[in-house]
Amino acid sequence: MRKLAAGNWKMNGVENSLAEIDALIAAHPAPGCDVLICPPATLLSRLSDRASGSAIATGGQDCHQNASGAHTGDISAGMIADAGGSHVILGHSERRADHGESDALVNAKSLAAWTAGLTAVICVGETLAEREAGQTIAIVGGQLAGSVPDGATSANTVIAYEPVWAIGTGKVPTLEEIGAVHDDIRARLTARFGEDANGIRILYGGSVKPSNAAEIFAVPNVDGALVGGASLKAADFGGIIAALEQA
Ligand code: PGA
């Protein structure tokens, strides 16, 4: 399985930020892992053009569950594909918290992504209160069951395990805690989707940086990372790519 370093720029990035892509391509012309950048929708087309011919794939951070229509402010999966994207992040905890996205909605969005030919990067993860209550495995398992549609394959789906309390906080679970959740996700995927699910990439996300990436990538069933803050600068994201190449 080829591992995946995925960058989520969130609501960051304007024209000037494209220079980071030039720097990333120059530093990693032929990376030994897959590399994905998901900029804000306003930059997707420009970034896709800039990365065209390179090893960097691009994607969206969300899509609507419908293909088109009267949905002011939303974008469809087909629009992401039209703008050069190949992936879309779905069910990120910030979408779940800020926009009340349910597992059922994330499931519908994932189907829309597949229909448009995109790979869905489906996010799951527990809050601090849920972890402290010993509910992590049950919460993540429930999100996985509800958010991932029937028909998931290693080609159309990537899972990102992102503990809500680790996102943007500098806090990271222990390697044992990460391993326990990733092992459980793998077991649930193979139980539901069969042997092919061994090839579904399971990313860890939440305060991944160059300094902690190598130890996280050494955990079994961690097949890459979904990176927020440290994906904004080519030097930082490059350090994470380098760690993944050596994992
Ligand atoms: P972070 O964000 O790397 O800034 O913690 C991760 C994410 O939300 O995908």
Side-chain angles (χ1 to χ4, degrees), residues 3-13 17 20 24 33-41 43-44 47 56-63 80 85 87-101 106 109-110 113 118-128 130-131 136 139-140 143-144 147 157-175 177-178 181-182 185 201-217 219 222-244 247:
K3 311 242 167 141
L4 173 62
N8 173 10
W9 282 10
K10 308 191 178 183
M11 199 170 71
N12 299 290
S17 319
E20 298 298 329
L24 196 63
C33 61
D34 288 346
V35 178
L36 168 67
I37 301 281
C38 297
L43 273 185
L44 179 56
L47 195 148
I56 296 180
T58 62
Q61 299 175 8
D62 175 50
C63 69
I80 291 171
H87 292 65
V88 60
I89 298 168
L90 294 171
H92 189 281
S93 63
E94 288 152 15
R95 299 288 315 173
R96 292 178 187 264
D98 296 353
H99 300 272
E101 294 200 4
V106 176
K109 290 182 173 199
S110 300
L118 302 180
T119 296
V121 181
I122 301 173
C123 303
V124 294
E126 83 287 358
T127 64
L128 187 57
E130 289 162 348
R131 173 161 287 276
T136 298
I139 290 290
V140 170
Q143 289 176 335
L144 206 61
S147 302
T157 300
V158 172
I159 304 297
Y161 167 57
E162 301 202 301
V164 177
W165 52 274
I167 294 175
T169 59
K171 293 184 189 142
V172 177
T174 67
L175 300 178
E177 287 168 339
I178 293 173
V181 177
H182 280 242
I185 292 173
R201 272 89 63 92
I202 306 174
L203 312 182
Y204 168 77
S207 298
V208 177
K209 342 179 248 273
S211 58
N212 64 14
E215 61 182 27
I216 293 171
F217 294 149
V219 175
V222 174
D223 307 314
L226 181 55
V227 183
S231 71
L232 295 171
K233 292 280 167 224
D236 292 339
F237 199 49
I240 292 168
I241 291 170
L244 195 51

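The structure displayed is predicted, hence computed values, not measured ones. All heavy atoms count here, side chains included; hydrogens, waters and symmetry mates do not. When a ligand or atom number is given, it counts from 1 through the structure's own listing order. We number each residue from 1, following the sequence as shown.
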Would Cys123 and Ile89 satisfy side-chain contact (heavy atoms from CB on, under 4.5 Å), going step by step from the backbone distance to the final call?
-> CA-CA 7 Å; Cys123 303; Ile89 298 168; 3.7 Å; yes
Starting from the C-alpha separation in whole Å, work towards a yes-or-no answer on side-chain hydrogen bond (donor to acceptor under 3.5 Å, both in side chains) for Arg96 and Ser147.
-> CA-CA 11 Å; Arg96 292 178 187 264; Ser147 302; 3.0 Å; yes
Output, in order, the C-alpha distance, side-chain angles, deciding distance and verdict of side-chain hydrogen bond (donor to acceptor under 3.5 Å, both in side chains) for Glu20 and Ser17.
-> CA-CA 6 Å; Glu20 298 298 329; Ser17 319; over 6 Å; no
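Here is the list of ligand 1 atoms found below 4.0 Å of a heavy atom in Gly168: 1 (P), 4 (O), 5 (O). Listed by atom number, the atoms of ligand 1 under 4.0 Å from Gly206 heavy atoms are 5 (O). Near His92, meaning under 4.0 Å from one of its heavy atoms, ligand 1 places the atoms 7 (C), 8 (O), 9 (O). For ligand 1, the atoms lying closer than 4.0 Å to a non-hydrogen atom of Gly229 are 1 (P), 3 (O), 4 (O). Close approach to Ser207 involves these atoms of ligand 1, each under 4.0 Å from a residue heavy atom: 1 (P), 3 (O), 5 (O).
The closest approach between any non-hydrogen atom of Lys209 and ligand 1 is not below 4.0 Å.
Close N/O approach between Thr169 and ligand 1 is not found [any backbone or side-chain N/O within under 3.5 Å].
The main-chain N or O of Gly229 is never found under 3.5 Å from a side-chain atom of Asp236 such that the two would form a donor-acceptor pair. Under a 3.5 Å cut-off, the side chain of Lys109 and the backbone N or O of Cys63 do form a donor-acceptor pair. Put simply, the side chain of Trp9 gets close to the backbone of Ser231: a donor and an acceptor are under 3.5 Å apart.
The shortest contact between atom 3 (O) of ligand 1 and any protein heavy atom is with Gly228 N, 2.8 Å. Regarding atom 7 (C) of ligand 1, its nearest protein heavy-atom neighbour is Glu162 OE2, 3.1 Å.
Note: Glu126 CD to Gln143 CD = 8.5 Å, rounded to the nearest 0.5 Å.
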